[in-house]
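Report on one structure; see the data block that follows.
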Amino acid sequence: MSAPDFFQQDHAAIEAGLEKLLPADSTPPASIHTAMRYSVFAGGKRIRPILCYESAKLFGADPAGAIPVGCALEFIHTYSLIHDDLPALDNDDLRRGKPTNHKVFGEAVAILAGDALLTLAFQTLANAAIEPARRVRVISEIASAAGTVNGMVGGQVADIEAEKKAADAAMLEYIHRSKTAALICGSIVAGAIAGGAGDEDVERLRRFGGQIGWAFQVVDDILDVSESSASLGKTAGKDQAQQKATYPALYGLEKSRAIAAELETKALRELDFYGERGTRLRQVAQFLVARRN
Ligand code: GRG
């Protein structure tokens, strides 16, 4: 499935935001800024910022306020990829179709580039043109999604600890919902808050985000088995080699595809409330499940 047409417009708005927010390569110390830019502009799909922006557009406030929020999410996501690829974690050579950050800049700069992107994310959020009380809620949601309690870092810890152990269904669900779904869900919720959503809408989109984020990681597991490294832009077959806890490992490919489809259906049901207005978010969700990389 190719990306919906509006992706290109959203993508352009996000790229312009990222370009503006990142210090130039030449800003001293140049090595760290070059390393940060290298990974941010290595060709990611920008799923999280697009979800954030489209979620904001469902409500009344100027959606331009969601662009820096989306950029901050992309900084956090990119930091997690840089750190995930380090020898101490996944030890990978290829990311977004290019040599990983530490392969180009060395481990010390790669660690610091990840740290710097995480820091820049919160500086960006603090300065975003959003009504102050909403801005604080956005910061709290994103910090929580990236954190240790049911968040990205917590999920990554559980993922590492589950290697070479037979994870059961409950542990697998916890890993996927924390490691990956939390930040995707946080992107949707943060966008909604920035866009002026009321509490009921925020909770409806939280349910949508939880399901679609979970489906996203189930699909990621499937693609690791079914696609080539060239198509993924990262090393394929890595999960099995590292004996990771994945849906195909626990359920097989066919059942994993059925689980992803069921999660997608549940997610889309939450958008019924918005009727036509929800079309774009619906299309992003369908793309996340049908994607090939
Ligand atoms: C703090 C030392 C330290 C490490 C952090 C938290 C963490 C390590 C890693 C996060 C876990 C992680 C990398 C989850 C994978 C999520 C995932 C499916 C990434 C791929 O996302 P896409 O497909 O990638 O959106 P692109 O390249 O398109 O942006």
Side-chain angles (χ1 to χ4, degrees), residues 3 7 10-11 14-15 18 38-52 70-71 73-92 94-98 100-102 107-108 110-119 121 142-163 174-188 212-224 227 229 231-236 238-239 242 244-247 260 284-285 287-293:
F7 262 48
D10 287 9
H11 208 277
I14 292 150
E15 296 306 302
L18 293 169
Y38 173 82
S39 288
V40 170
F41 293 118
K45 296 184 286 300
R46 313 300 194 215
I47 288 305
R48 294 152 192 81
I50 290 174
L51 282 166
C52 176
C71 292
L73 288 155
E74 191 64 23
F75 293 150
I76 294 172
H77 169 58
T78 306
Y79 121 76
S80 82
L81 301 180
I82 294 172
H83 281 190
D84 196 45
D85 290 333
L86 286 167
L89 281 101
D90 264 5
N91 191 18
D92 223 317
L94 187 67
R95 173 67 72 178
R96 292 177 163 173
K98 294 188 169 181
T100 46
N101 198 290
H102 67 274
E107 276 184 56
I111 291 168
L112 293 167
D115 294 341
L117 285 169
L118 180 58
T119 309
I142 294 178
S144 163
T148 52
V149 180
N150 299 318
M152 181 178 74
V153 173
Q156 179 69 4
V157 171
D159 187 57
I160 291 167
E161 291 175 354
E163 270 176 36
Y174 169 80
I175 291 171
H176 282 45
R177 296 186 83 159
S178 307
K179 179 179 79 165
T180 305
L183 194 62
I184 290 179
C185 182
S187 306
I188 294 162
I212 206 64
W214 183 4
F216 181 89
Q217 184 60 54
V218 177
V219 169
D220 211 69
D221 289 357
I222 294 168
L223 295 177
D224 184 74
E227 295 291 327
S229 299
S231 131
L232 294 179
K234 61 181 181 181
T235 313
K238 199 80 199 288
D239 292 341
Q242 290 184 322
K244 288 263 186 200
T246 67
Y247 275 75
V284 185
F287 171 73
L288 294 189
V289 177
R291 74 201 162 93
R292 302 289 296 275
N293 65 28

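Keep in mind that this is a model prediction, so the values were computed, not measured. Atoms within each ligand, like the ligands themselves, are counted from 1 in listed order.
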among protein heavy atoms, the one nearest atom 13 (C) of ligand 1 is Asp84 OD2, 3.4 Å
So, do Val284 and Ile212 sit near enough that their side-chain heavy atoms are less than 4.5 Å apart?
no
Within ligand 1, which atoms have a heavy atom of Asp220 less than 4.0 Å away?
18 (C)
Can you name the atoms of ligand 1, numbered from 1 with element, that are less than 4.0 Å from a heavy atom of Tyr79?
1 (C)
Protein heavy-atom partner closest to atom 15 (C) of ligand 1 - residue, atom, separation in Å:
Thr180 OG1, 4.0 Å
Under a 4.0 angstrom heavy-atom cut-off, which atoms of ligand 1 come close to Gly44?
26 (P), 27 (O), 28 (O), 29 (O)
Using a strict cut-off of less than 4.0 Å between a Lys/Arg side-chain nitrogen and an Asp/Glu carboxylate oxygen, indicate whether Asp220 and Lys179 qualify as a salt bridge.
no
With respect to Lys45, determine whether any N or O atom, backbone or side chain, lies less than 3.5 Å from an N or O atom of ligand 1.
yes
When you measure from atom 2 (C) of ligand 1 to each heavy atom in Lys179, His83, Gln217, which option holds the nearest one?
His83
Contacts of type side chain to side chain donor-acceptor pair (under 3.5 Å), residue His176, not counting sequence neighbours
Asp221
Regarding ligand 1, does Arg96 bring an N or O atom to under 3.5 Å of one of the ligand's N or O atoms?
yes
Applying a heavy-atom cut-off of 4.0 Å, say which part of Arg48 lies close to ligand 1: side chain, backbone, both or neither.
side chain
Looking at Lys234 and Asp92, is there a salt bridge between them, counting it only when a charged N and a carboxylate O are closer than 4.0 Å?
no
N/O separation below 3.5 Å, Gln156 to ligand 1:
no
Donor-acceptor contact present, side-chain Arg291 to main-chain Phe216, <3.5 Å
yes
Distance-only donor-acceptor pairs under 3.5 Å for side chains of residues 80-91, two or more places apart:
residue, atom, partner, partner atom, Å
Ser80, OG, His77, O, 2.8
His83, NE2, Ile111, O, 2.9
Asp84, OD1, Gln156, NE2, 2.6
Asp85, OD1, Arg95, NE, 3.4
Asp85, OD1, Arg95, NH2, 2.9
Asp85, OD2, Arg95, NE, 2.9
Asp90, OD1, Lys244, NZ, 3.3

For ligand 1, is any non-hydrogen atom under 4.0 Å from Arg46's backbone (N, CA, C, O), its side chain (CB onward), both, or neither?
neither
Between Arg48 and Glu74, is there a side-chain N and carboxylate O pair less than 4.0 Å apart?
no
Tell me if a side-chain donor or acceptor on Arg96 pairs with a main-chain N or O of Ser39 at a distance below 3.5 Å.
yes
the protein heavy atom lying closest to atom 20 (C) of ligand 1 turns out to be His77 CE1, 4.0 Å
